[in-house]
Student: 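Before I ask anything, here is the structure I am working with.
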Amino acid sequence: VVLGVGLIAYSLVTDYELGVWKVAPMAVHNVIDVVAGAFLALSPFLFGFSDESANVWLPHVVVGLAAIFLGLTTVQRGYSYHRAEHQAAG
């Protein structure tokens, strides 16, 4: 829940299509995604619930690994860059 609220917060200030204030560069957003994903993937082991059934801990690991993957593979250029590039072409 805390990571979800944090994701919403840093998404609102990221310079991309869904950003409201567009202050933080996309590269910063991606780094936070990777760090938060690693924390989420490791959370069953850090907080001691990895010995529960797989339906308890596996979603944390899967979503965390997905966040890491997306953070590492998302384009680093922000919305302002793409918008300026598009306006120059048109």
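Predicted model only: the values in this text are computed from it and were never measured. What's counted below: heavy atoms across the whole structure, side chains too, no hydrogens, waters or symmetry copies.
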Student: Around atom CZ of Phe49, are there more than 12 heavy atoms of other residues, nucleotides or ligands at under 6.0 Å?
Tutor: yes
Student: Would a hydrophobic clustering, with Ile, Leu, Val, Met, Phe, Trp and Tyr connected at side-chain separations under 4.5 Å, put Leu18 with Val13?
Tutor: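 No, it is not one cluster - the side chains of Leu18 and Val13 are not joined through contacts under 4.5 Å.
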Student: Same hydrophobic cluster for Leu46 and Leu58, using side-chain heavy-atom links shorter than 4.5 Å among ILVMFWY?
Tutor: yes
Student: Is it true that Leu65 and Leu3 fall in one hydrophobic cluster, defined by side-chain heavy atoms closer than 4.5 Å?
Tutor: yes
Student: So which atom in Ala54 and which in Pro59 form the shortest heavy-atom distance, rounded to 0.1 Å?
Tutor: O-CD, 3.6 Å
Student: Indicate the atoms forming the closest heavy-atom contact of Ala67 with Gly37, along with that distance.
Tutor: CB-CA, 3.8 Å
Student: Could you state whether Phe47 and Val56 fall into the same hydrophobic cluster, counting links through intermediate Ile, Leu, Val, Met, Phe, Trp or Tyr residues with side-chain heavy atoms under 4.5 angstrom apart?
Tutor: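 Same cluster: Phe47 reaches Val56 through Ile, Leu, Val, Met, Phe, Trp or Tyr contacts under 4.5 Å.
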Student: Looking at every heavy atom in both Lys22 and Glu17, which two are closest together, and how far apart are they?
Tutor: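 So the two residues come closest at NZ-O, 3.9 Å.
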Student: Honestly curious: do Tyr16 and Leu70 fall in one hydrophobic cluster under the side-chain, below-4.5 Å linking rule?
Tutor: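 Per the 4.5 Å side-chain linkage, Tyr16 and Leu70 are not co-clustered.
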Student: Roughly how far, to the nearest 0.5 Å, is CG of Asp15 from CE of Met26?
Tutor: 9.0 Å
Student: Classify the angle between the aromatic ring planes of Trp57 and Phe45 as parallel (below 30°), tilted (30 to 60°) or perpendicular (above 60°).
Tutor: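 Ring orientation of Trp57 relative to Phe45: tilted.
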Student: Which heavy atom in Leu40 sits nearest to a heavy atom in Val63, and how many Å separate them?
Tutor: CD2-CG1, 3.6 Å
Student: Using the side-chain contact (heavy atoms from CB on, under 4.5 Å) rule, pick out the option among Ile68, Leu7, Val28, Leu72 that qualifies with Asp33.
Tutor: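 Going through Ile68, Leu7, Val28, Leu72 one by one, the side-chain contact (heavy atoms from CB on, under 4.5 Å) with Asp33 is satisfied by Leu7 alone.
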